[in-house]
Amino acid sequence: MSPKRKTQVDLVIPIYNEAGVVEQTHVQVRAVVDSLPYDFKFIYVDDGSNDGTVDVLRKIAEGDPRISLLQLSRNFGHQAALTAGLDASRGDLVITMDGDGQHPPAMIPQMIKLIEQGYDIVQAQRIATRDESSISFKKITSNLFYRLINIISGTQVLQGAADFRALSKNALNGLRSMHEYHRFLRGMISWMGYSSVILPYHEPARVGGKSKYSLGKMIRLASDAIFSFSLAPLYIGLSAGLGFFVLAAVQLIYVLTLWLTGHTERIVAGWSSLMGVVLIASGIIMILLGFIGVYVGYIFQEVKRRPIYLITGDKKNGE
Ligand code: UDP
Ligand code: MG
């Protein structure tokens with residue numbers, strides 16, 4: 001970094017159907033960054049919106065030359081959109097944040113300072129407010145998910161970690177070297193092991209509109225995390241197999257003992273216990289075949305080496 005040049009900070013903001021929201025978000029972010037002594041660039045990634053978001057983004061870009069607009073050819077999902085923005089970043093450091101106002105721009109100055117102090121990753125962590133006592137489906141499933149992934153995976157993922165973080169050039173290059181198709185960025189970033197610091201925050205409500213994370217998208221993200229960061233489901237098979245093997249050995253010893261001691265009349269196979277064992281064993285086998293199938297599917301998609309996203313349309317303002 002030359003001392004004459006201002007540090008370039010890229011803000012990567014993925015957007016999917018946020019026509020009514022994105023302008024306000026931009027105003028909020030500008031209110032914070034315009035007074036800071038850095039050279040800011042906004043990289044808006046339109047993730048295949050079909051509600052006129054692109055027109056709104058184009059309009060904003062006309063009034064602000066620091067904006068580049070990347071348009072993905074269809075909805076590739078939040079993680080792919082983030083990846084597209086990160087790939088386009090040329091700054092000295094990059095910050096990713098949501099475009100719905102839920103990631104407070106007021107944290108940006110502190111994030112930049114921490115990167116300048118030498119941290120590679122500044123990770124924002126959503127924490128519950130006291131009055132946030134309402135128990136939502138999303139909160140429960142998200143808590144369970146983080147617990148599970150931290151039990152079954154060697155890579156620890158911070159509870160409440162948001163895709164709101166700052167990355168140094170070093171961390172960005174590390175992330176760019178990871179080409180996997182199924183991306184769970186929170187896990188990938190933790191896996192890199194670079195020096196990181198956590199900044200807790202209370203999440204404000206959306207500026208407007210509804211969450212774009214449908215149940216299907218949440219399930220996909222969770223399975224991407226589980227099947228790309230853990231082999232535990234496969235080991236369930238090994239343990240279940242061993243368990244059944246021990247049971248079979250005990251049974252064999254029992255029957256042999258009865259036979260050797262002349263109590264053959266007591267060797268009468270019970271139908272229900274037999275059925276029970278058969279059903280449990282075949283159930284476990286089916287589940288495990290399913291797990292193996294999922295891994296094979298993931299491997300299949302990885303070996304195809306398809307791009308994570310495709311860009312369409314014009315890129316505004318350089319890049
Ligand atoms: N988003 C995206 N692609 C998608 C879903 C969401 O780019 O397929 C964007 C969305 O516009 C927002 C951010 O990702 O800027 C986070 O999504 P959202 O706010 O819907 O998630 P939540 O905050 O409910 O977890
Ligand atoms: Mg949101």
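Order of listing sets the numbers, starting from 1, for every ligand and every atom in it.
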* Have a look at Gln79, Lys217, Met218 and point out the one with the heavy atom closest to atom 8 (O) of ligand 1. => Lys217

* For Asp163, all residues meeting side-chain contact (heavy atoms from CB on, under 4.5 Å), sequence neighbours excluded -> His78, Gln79, Leu82, Arg165, Leu185, Arg186

* With sequence neighbours excluded, tell me which residues meet side-chain contact (heavy atoms from CB on, under 4.5 Å) with Ile152. => Leu148, Ile226, Ser230, Ala232

Students should be able to answer this: which protein heavy-atom is nearest to [atom], and at what distance?
| atom | result |
| --- | --- |
| atom 20 (O) of ligand 1 | Lys212 N, 2.4 Å |
| atom 14 (O) of ligand 1 | His78 CD2, 3.1 Å |
| atom 24 (O) of ligand 1 | Ser211 OG, 2.5 Å |
| atom 12 (C) of ligand 1 | Glu18 OE2, 3.6 Å |
| atom 9 (C) of ligand 1 | Pro14 O, 3.7 Å |
| atom 21 (O) of ligand 1 | Tyr213 CD1, 3.3 Å |
| atom 22 (P) of ligand 1 | Lys138 NZ, 3.5 Å |
| atom 19 (O) of ligand 1 | Asp100 OD2, 2.6 Å |

* **Gln110 CD: over 12 foreign heavy atoms closer than 6.0 Å** => no

* Asked: Mind checking whether Ala81 has an N or O less than 3.5 Å away from an N or O of ligand 1?
  -> no

* Asked: Is the shortest N/O to N/O distance between Asp47 and ligand 1 below 3.5 Å?
  -> yes

* Asked: Does Glu203 come within less than 4.0 angstrom of ligand 1, counting non-hydrogen atoms of the residue?
  -> no

* Identify whether the distance between the nearest side-chain nitrogen and carboxylate oxygen of Glu180 and Arg305 falls below 4.0 Å. => no

* Atom indices of ligand 1 within 4.0 angstrom of Gly99 heavy atoms, with elements -> 15 (O)

* Which residues pass the ring pair (Phe, Tyr, Trp, His ring centres under 6.0 Å) test with Phe291, sequence neighbours left out? -> none

* Structure fact -> If you count every protein N, O or S atom closer than 2.8 Å to the Mg ion (ligand 2), you should arrive at 2

* **Ser142 and its side chain to side chain contact (heavy atoms under 4.5 Å, CB included) partner, picked from Arg126, Met218, Arg147** => Arg126

* To do: Could you see which bit of Asn17 sits under 4.0 Å from ligand 1, with heavy atoms only: side chain, backbone, both or neither?
  => neither

